[in-house]
Chemist: 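What follows is a structure written as C-alpha cells; I'll ask about it next.
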Amino acid sequence: MATTRAAAVLVACLSVAHAFQTSGLNRAFAPRFTRRTALSMVDTTEITMPALSSTMTEGKIVQWLKGVGDKVEAGDAIMVVESDKADMDVEAFEEGYIAKIITPEGEMAAVGAAVALLAE
C-alpha cells in the first residue's frame, strides 16, 4: 500500500513540474526543486541500456511498452530496443513503478546509460 501511495505522489509531483515547464508562466514562480525533491523522497533504480549483442555499443529505443506511473514486475517487457542486429524486447530485472523516462522513443542511448528511473 505504501509503495502505491509513494508512486502516486511521485507521479503527481512530476506532473506539476511538467505543467510549470510547459505553461509559459514566469520562471520566478515555477517550483524549480519539485522534480528533484519528488525523486529523492522515493528510492529509485536506473534502468540502463543493455548490451543485446557482443558488438553493441548503443541502442535505439523503438517503443516504450510501459509508461510513467505503470507498475512493473520483474520479467515484464518494458521497452523494444533496436540493436546493430535486431529489435528485441527488454525485460525489467526489478519491480516498481516507472518514475521517469529519460530517453524517449526514437532516441539512441549508449550501452550502460540510464534510459529510465524505476521507483521502488
Chemist: First locate atom CG of D70, then atom CG of L118, and finally report the distance between them rounded to the nearest 0.5 Å.
Modeler: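 Between atom CG of D70 and atom CG of L118 there are 11.0 Å.
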
Chemist: Can you give me the closest heavy-atom contact between M49 and V81, atom names plus distance?
Modeler: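 Taking M49 first and V81 second, the nearest heavy atoms are SD-CG1, 3.7 Å.
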
Chemist: Do the side chains of E120 and E94 get nearer than 4.5 Å, heavy atoms only?
Modeler: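 Answer yes - side chains close enough.
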
Chemist: If I take atom OG from residue S54 and atom NZ from residue K85, how far apart are they, to the nearest 0.5 angstrom?
Modeler: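 Those atoms lie 6.0 Å apart.
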
Chemist: Could you state the interatomic distance from CD (E82) to CD (Q63), rounded to the nearest 0.5 Å?
Modeler: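 That separation rounds to 13.0 Å.
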
Chemist: Show the nearest heavy-atom pair for residues K66 and I101, with the distance to one decimal.
Modeler: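 Taking every non-hydrogen atom into account, O-CD1, 4.0 Å.
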
Chemist: Are M79 and I47 packed together at the side-chain level, in the sense that at least one heavy-atom pair is separated by less than 4.5 angstrom?
Modeler: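 Yes. Closest side-chain heavy atoms under 4.5 Å.
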
Chemist: For residues 102-117, tabulate all N or O donor-acceptor pairs below 3.5 Å that involve a side-chain atom, not counting sequence neighbours.
Modeler:
| unit_1 | atom_1 | unit_2 | atom_2 | d |
| --- | --- | --- | --- | --- |
| E105 | OE2 | W64 | N | 2.8 |

Chemist: Give me the atom names and distance for the closest heavy-atom approach of D89 to A77.
Modeler: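 Smallest interatomic distance, heavy atoms only, reads CB-CB, 4.3 Å.
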
Chemist: Can you sort out the partners of T48 under side chain to side chain donor-acceptor pair (under 3.5 Å), two or more places apart, ordered by chain and number?
Modeler: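 By the side chain to side chain donor-acceptor pair (under 3.5 Å) rule, T48 matches no residue at all.
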
Chemist: Taking ILVMFWY side chains as joined if any heavy atoms are under 4.5 angstrom apart, and letting links pass through other members, which residues group with V80?
Modeler: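 V62, L65, which link up through side-chain heavy atoms under 4.5 Å apart, make up the rest of the cluster.
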
